[in-house]
Amino acid sequence: MPIDAALAERLYRRARAGRWNVPVERFAEALERSAEGGANLDKLHLEDLALACGCAAGDEAAWEHFIREQRPTLYRAADALDAGGGARELADGIYGELFERSLFRYFHGRSSLATWLRAVLAQRHVDRLRAGQRLEPLPDDEFFPGSVGPAIGPAKAGPYDEEQHRCGELIREALTRAVAELPSRDRLRLACYYAQELTLAETGRLLGEHEASCSRHLARTRKTLRGHIERRLRDQHGLSEAEIADCFAASSEDPGELDLRQLLRMEPDSALRASSRQAREDRKESRDDRSTVRGRT
Amino acid sequence: MTCLDAETLAAWFDGGLSGAALEDVRSHVAGCVRCQALVGAMGRTRAAVPVPEPERSPRWWLAWAVPAAAAATAVAIWVAVPRPTNVALNSSPPSTLQKKDAQTAEPAEPPARAATPALQDRARSADAAPPAAAPVAENDAAKQAANGNVNESLSVRSAAPAPTAAAERRQEAERQGAVVGQLQARDAFTISPCGPMWPAPPTDVAAQITAGSAPSTDICWIVGRAGTVLRSTDHQTWQRVNIPQTVDLSRITATDARTATVMTADGRTFSTADGGVTWTQQ
């Protein structure tokens, strides 16, 4: 997609690309690549794009500027991802590719250079962890911060544990279904906030809403989920209001396998399949269990 | 849609996506575990980015125009309308105003019980986020507090008898100051924030003044953007007081001509006990 020469010239000046001795033609080529990638030229991070062009062309001043301004970001991001230094080698690898100039080609100016570097690092970190997980399962905490224990824990002994376990199962099944059936926007909001632990402001920014709206939407979604669970326990499993309240109380005391974050990490389809499978198994035992729950309450 | 590449992920985080591309990304990430993990990893690297200095829009001063006009109107109305008695002036003491604002700024009630314990943990922090109006109320409370000592001292003084014509004029000016101080409660001052009996701030900094404090009849400190600190002790001239950092100042509380505490826009406080010769960060 050829860029109009006057427009390229105007953007070149705005980017102050001359500082890095980037020829107008080369900058115009970078703009063309950005436009082909769907970028809005008026919203580009032009100065960063010019710096990337300068570095890619081997301009010493550009490279020095990049090292001074951007390299620390890369290494701070690596330390934030893995305080043990594991992500540092990824950062070294990225830095090496930047030094060889090959990587700059993939920067189109739709974000700042700093954000792009963080994204490149995040991508490699996640892919490495996922690859490692395929070979040998990693402790969940390492991949997902804030995870609470293993997905399936041993059933506890005791007279009331069976009831508690049963309540947990019912709620888990209903919650899995409720989460899977949420509109994708609500599900994304929950995933960003609860599973990935972004801040309200970050979550709101990704969804294009103010953090106060984001907070309200989260509250609404929680209410929806609870309503969905209550309905399912009442209509599908025949529990009374008192039994439902007891179930919630029991699950609050000991959530066991119940963890929204785990559920949000499942693809919606697989969550629904798992929920259906679980429901089938549950139905086999439902009569006995229902009488057990009623007997306790 | 395939999984996000780093460039698209970064563009999403920096608001560089729009339209169908943005919706595609949101829809994909909502159901993709890997991309959600990317989002999480991006969130965890947020500490890598230094917090930028707040950028001032080329037309930042326009934001002042509206409150400045409103303040001017308030003064004009006050001057034009027949003045009530001192009693009426003092009927709404600043402390009452401050209490009201403090109540407004109270945090929201704790959330209703969430669906699961995992939800509850984060729910607390989600619901603790104040609605958009809350910070404004908090700022107003802070501003009232900043004006409070001005209002209080002026209100008390206005109740005292003032037999001479000069004293009457002065008292009148003080009452105006007290009322204007109450009416303004915002960041702009067409007159000195200590009241109309004080000279207008120098023209080169007048538009930058944000707050003032008058610990007594004869002392007024005012602060503003870019480290502006001025003090007047003669009702005629302003002395510039140096502060070691060129930062925007949002509040000042002075106790006399030598002792004052200023608060920067980013929440730090500096105090001086020697008239501004030395400052200590709190």
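Throughout, protein chains are lettered first and strands after them, A, B, ... in sequence-line order, and every chain is numbered starting at 1. Not measured: the values here are computed from a predicted model.
Every residue meeting the side chain to side chain contact (heavy atoms under 4.5 Å, CB included) condition with A/Asp186, not counting sequence neighbours, appears here in chain and number order: A/Leu182, A/Pro183, A/Arg189, A/Arg220, A/Thr221.
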Would you check, one step at a time, whether the test side-chain contact (heavy atoms from CB on, under 4.5 Å) holds for B/Glu7 with A/Val120?
CA-CA 8 Å; B/Glu7 205 273 336; A/Val120 172; over 6 Å; no
What verdict does the side-chain contact (heavy atoms from CB on, under 4.5 Å) test give for B/Thr45 and A/His125, after you've listed the backbone C-alpha separation in whole Å, the side-chain angles of each residue and the deciding distance to 0.1 Å?
CA-CA 11 Å; B/Thr45 62; A/His125 178 68; over 6 Å; no
Might you work through the side-chain contact (heavy atoms from CB on, under 4.5 Å) test for A/Arg130 and B/Val33, ending with a clear yes or no?
CA-CA 11 Å; A/Arg130 283 172 66 86; B/Val33 174; 4.1 Å; yes
Please determine whether side-chain contact (heavy atoms from CB on, under 4.5 Å) holds for the pair A/Glu197 and B/Arg44, giving the CA-CA distance in whole Å, both sets of side-chain angles, and the decisive distance to 0.1 Å.
CA-CA 8 Å; A/Glu197 304 197 339; B/Arg44 285 156 63 196; over 6 Å; no
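In this structure, the portions of A/Gln123 lying under 4.5 Å from any heavy atom of chain B include both its backbone and its side chain.
Residues of residues 10-22 of chain B placed with any heavy atom under 4.5 Å of a heavy atom in chain A are listed by number as B/Ala10, B/Ala11, B/Trp12, B/Phe13, B/Asp14, B/Gly16, B/Leu17.
Around OH of A/Tyr106, the count of heavy atoms belonging to other residues, nucleotides or ligands within 6.0 Å does not exceed 12. The environment of A/Arg234 atom CZ is dense: over 12 non-hydrogen atoms of other residues, nucleotides or ligands sit within 6.0 angstrom.
By the 4.5 Å heavy-atom criterion applied to side chains, A/Thr115 and B/Met42 are counted as neighbours. Residues A/Leu206 and B/Arg26 are not in side-chain contact: their nearest non-hydrogen atoms beyond the backbone lie 4.5 Å or more apart.
Here the straight-line distance linking atom NE2 of B/His28 with atom OG of A/Ser184 works out to 12.0 Å at 0.5 Å rounding.
Across A/His108, A/Arg185, A/Lys43, the residue that shares the most heavy-atom pairs under 4.5 angstrom with chain B is A/His108.
Applying side-chain contact (heavy atoms from CB on, under 4.5 Å) to A/Leu188 and the options B/Val25, B/Val29, B/Val39 leaves one that passes, B/Val29.
Closest heavy-atom contact between A/Ala119 and B/Leu9: CB-CD2, 3.9 Å.
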